[in-house]
2 protein chains.
Amino acid sequence: MSDGALWTALADPHRRAIVALLLERPRPVGEIVEASGLSQPSTSKHLKVLREAGLVRVRQDAQRRVYALDPAPIAELDAWLAPYRRLWNRSLDELGRRLDETAPDDSEED
Amino acid sequence: MSDGALWTALADPHRRAIVALLLERPRPVGEIVEASGLSQPSTSKHLKVLREAGLVRVRQDAQRRVYALDPAPIAELDAWLAPYRRLWNRSLDELGRRLDETAPDDSEED
DNA sequence: AGGTTATATGCCCGTCAAGGCATACATGAC
DNA sequence: GTCATGTATGCCTTGACGGGCATATAACCT
């Protein structure tokens, strides 16, 4: 649930790459292996981590196992992010205001 | 830039806790130490990681170092998340449609 | 049944990250 | 200057993680 598993899973670049691949469309392991350049065992292990983090789901298709993104945990991330987004908006706001106040003049350095 | 430093930094629960603390307000290290229950050195190390990921900024105030969130990298996360958000919305959509089609019937589980 | 394809697991090893501790460094007070 | 406070760093040990390889498991085909 509110485990750190989600973050841990996404901390790895290869796993983020896999997730990105699955964003395009669900894929069987073999395809992921090919597209990611990882070895098959390594890929399977990463998929396991993603599975246990709830990020992906498997559907069996003959001998193949087709992995697909599960959107729910992403939403969790999104929720986590929400409070920070407010901060971000505020800072954009202030930046705008400052630019507005300081100068119809020219280029400033930060 | 598109470094993994951001993810790596946020992968640690303690660091996420620190970030959450800083979301409330900027704080000197001592306060973070107290609030997080971490040792002072450990805290400093985590802060270093956050600093190098660009997540926090330091302002010096006498002997104190006051850390504050830098919103920019959060926006980066947000950008990363955007494509997945579309997926999430689509799935919400489908869920709604299915519920709509299948049944004006009864109580569902979450 | 035996063989083949597709995927998962187990084991070993190198690497890296985190915590604990002592200590260095920096700033301010006297 | 000396001392106190606040923070950063270095060293060491331990534990988790990822890769490679061989092998186990599963589903299918004939």
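In what follows, chains are A, B, ... by sequence order, proteins preceding strands, each numbered from 1.
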**Message:** Whole angstroms only, please: what is the CG-P distance between A:Leu50 and D:dG18?
**Reply:** 10 Å
**Residue whose nearest DNA chain D nucleotide is more 5′ - A:Ala62 or A:His14** = A:His14
**Message:** Quick check against the 3.5 Å criterion: does A:Arg15 have a side-chain atom that pairs as donor or acceptor with the backbone of A:Val49?
**Reply:** no
**Prompt:** Would you call A:Asp78-A:Arg85 a salt bridge at under 4.0 Å N-O?
**Reply:** yes
**Item:** B:His46 vs C:dG19: side-chain N/O to OP1/OP2 distance below 4.0 Å
**Value:** yes
**Message:** Can you pull out every ring-ring contact (aromatic ring centres under 6.0 Å, His included) where at least one residue sits in residues 18-42 of chain A? Sequence neighbours excluded, please.
**Reply:** none
**Nearest-nucleotide comparison on DNA chain D, the residue closer to the 5′ end among A:Asp61 and A:Arg15** = A:Arg15
**Fill in**
Rounded to whole Å, the CD1-P distance (A:Ile18 to D:dG18) equals 11 Å
**Item:** A:Thr43 vs B:Lys45, nearer the 5' end of DNA chain C by closest nucleotide
**Value:** A:Thr43
**Prompt:** How long is the line joining CZ of A:Arg64 and P of C:dT4, in whole Å?
**Reply:** 18 Å
**Prompt:** Can you find an N or O donor on one side and an acceptor on the other, under 3.5 Å apart, linking the side chain of A:Gln40 with the base of C:dA8?
**Reply:** yes
**Message:** Without decimals, in angstroms, what is the distance between B:Trp7 CH2 and D:dC17 P?
**Reply:** 17 Å
**Request:** Can you figure out which of D:dT9, C:dA8, C:dT7 approaches the side chain of A:Leu47 most closely?
**Result:** C:dA8
**Request:** Give a yes/no answer on whether the side chain of B:Tyr67 brings an N or O atom under 4.0 Å of OP1 or OP2 in D:dA8.
**Result:** yes
**Asked** Shared ILVMFWY cluster between A:Val58 and A:Val66, side chains joined below 4.5 angstrom?
**Response** no
**Item:** Greater than 12 external heavy atoms within 6.0 Å of B:Glu34's CD
**Value:** no
**Request:** Write down the distance between CD (A:Glu52) and P (C:dA8), rounded to a whole number of angstrom.
**Result:** 12 Å
**Message:** Does C:dG19 have its OP1 or OP2 closer than 4.0 Å to a side-chain nitrogen or oxygen of B:Ser42?
**Reply:** yes
**Request:** With the side chain of B:Ser39 defined as its heavy atoms from C-beta on, choose the nearest nucleotide among D:dC21, C:dG20, D:dT5.
**Result:** C:dG20
**Prompt:** A:Gln63 side chain: which of C:dT27, D:dG18, C:dA6 is closest?
**Reply:** C:dA6
**Request:** Grab the CG-P distance between B:Leu10 and C:dA17 for me, whole Å please.
**Result:** 15 Å
**Asked** Within this structure, what is the CD-to-P distance between A:Gln60 and C:dA6, rounded to whole angstrom?
**Response** 13 Å
**Fill in**
Closest to the side chain of A:Ser44, out of C:dT27, C:dT7, C:dG19, is C:dT7
**Prompt:** In whole angstroms, how far is the P atom of D:dA24 from the NZ atom of A:Lys48?
**Reply:** 17 Å
**Prompt:** With a non-hydrogen cut-off below 4.0 angstrom, is A:Pro41 in contact with a base, only sugar-phosphate, or nothing?
**Reply:** base
